[in-house]
Amino acid sequence: VIPLDRQIAGLAAAARAQFPEVPFLKSYTGAVVAQRGGNSFDFVPDDDTMPGMSGIPMKLPFPGLSFNLVPGSSARAVIRFAQGSPSTPEIHLWEAPGMQSWELDAAESVTVGCPQINLGSSIAIHPMILGDLYLLAESALFAGLASAIGAAAGSLTSAGAQGSWALAMPFVAAAATALDPVAGLFAAFEALAETFPSTIVKASG
Amino acid sequence: MSNVVVNGIPVVKARIARPRVGNWVAELIVAAETVQQLSGGSRATILTDTNAPSGGLSFTGTVMQGRSDTYVQTASLRVVGGSGGLGTKCNPRFYSSVSVASPLGDVLMDAGETLSSLSNSTGPQLQFWTIAAQPASEQLSLLAQAADQKAVWRVLKDGSVFFGVDAFNPTLMTDFELIDYSPLEAFQVLTSEDPTLNPGESIDGRNVSVVVHLFEADKSRMKVWFEQ
């Protein structure tokens, strides 16, 4: 048995020498100890046959995603080597929490195909995100209302200062005229609001 | 008596295999009473054919520990090229934005070997490089792959490590005789008073892959394997 084992050991050593990339075909777990900027991180493998590594890029499931690690967090991940090469370490598969923030950037649109989007903690539930266009329309509406009501109020004040109803009538008429745009302002806001679902959030169905 | 000596000790029979990729290995038979002077790990200088026009071949290597074996009136030795450190596991290291020369130098340092001045292809840049705790010979193979698709490493006769792409320059060995050949297996058996053919050279337009020197009491031969 011993001579046979020695022969097999020799064959195994010769075969191993033909595949020097074997250590780089495995995955290694370890700690993510720092972020270098962008999606690159410093990594310390649990296996002491591998060195600590710095500036290792994270392999993302899709483009446009980036995130920041919580400083000092005990984040853990898995590292692999693309094509079994020592020159291509990549971080995959996070094991533990450690995310501080993440961003998703898309050239055209982002579609979320669900009836409800939850923001913040579990108690903060919003049915739809409206955003900047809503704020612009709302500001235009409020400014228009303030202007019209302010003008009407001024005219009515003047009317009250007149000595007779006949003298006050033109000011009352002016107040009524000042309120004319209000209906238009609401109509404009309503028309703009009609566009929100298609420009901000693509509705499912 | 053979005209081969190791550390000045006569060699009865020698077989020295010199591959184009890897380390050379010499299997020597010496008189039993001399083997004590060639303990495992000791430096070995093998000289052949000192009367040849070129002055003969000179090999610098290391006696492998545990490979000496006394048998009847002779002892067998196995000598490998260089310091015998290519099986040493490297210290794990990581590099960013370096040339091949940087990890190559560290691997050879861990192995206790030296880089040949004939080396080339050590300039390519590596965005990252990882040295795992694996035999230095394996790291050399990985670095060669990263440096150039045609790059190789081998230990030269002088014990230094060549790293780079072979030029397959024509051999300087012009005086030789063909003893045997096999076109199918792409080898020839040659004899020469001055067997200076090296792996990585060419002979008659054919690139040499392995040279195996055979020295016995009354003859010397070279079995030459060609690249396919």
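To find a chain, count down the sequence lines: A is the first, B the second, and so on, and within it residues start at 1.
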When rounded to the nearest 0.5 Å, the distance separating OG of B:Ser141 from CD of A:Glu21 is 9.5 Å

How long is the gap from OG on A:Ser87 to OH on B:Tyr95, to the nearest 0.5 Å? 14.0 Å

Among A:Gly52, A:Ala13, A:Pro20, which residue has the highest count of heavy-atom pairs closer than 4.5 Å to chain B? A:Pro20

Non-hydrogen atoms of chain A under 4.5 Å away: do they reach the side chain of [X], the backbone, both or neither?
X: B:Pro103; value: neither
X: B:Ala132; value: both
X: B:Ser96; value: side chain

Can you confirm whether more than 12 heavy atoms, excluding those of B:Glu27, are under 6.0 Å from its CD atom? yes

Please determine whether the number of non-hydrogen atoms from other residues, nucleotides or ligands lying under 6.0 Å from atom CD of B:Gln125 exceeds 12. yes

Taking all heavy atoms of [X] and all of [Y], pick out the closest pair and write down the distance.
X: A:Arg16; Y: B:Pro135; result: NH2-CD, 4.2 Å
X: A:Met50; Y: B:Pro92; result: C-CB, 3.8 Å
X: B:Phe128; Y: A:Ser54; result: CE2-O, 3.8 Å

Per-residue tally against chain A (heavy atom, under 4.5 Å) across B:Gln145, B:Glu138, B:Lys89 peaks at B:Glu138

Exactly one candidate in B:Ile131, B:Leu143, B:Thr130 meets side chain to side chain contact (heavy atoms under 4.5 Å, CB included) with A:Pro86; the answer is B:Thr130

Toward chain B, the part of A:Phe19 with a non-hydrogen atom under 4.5 Å: neither

Heavy-atom contact with chain B under 4.5 Å, split by part of A:Asp48: backbone

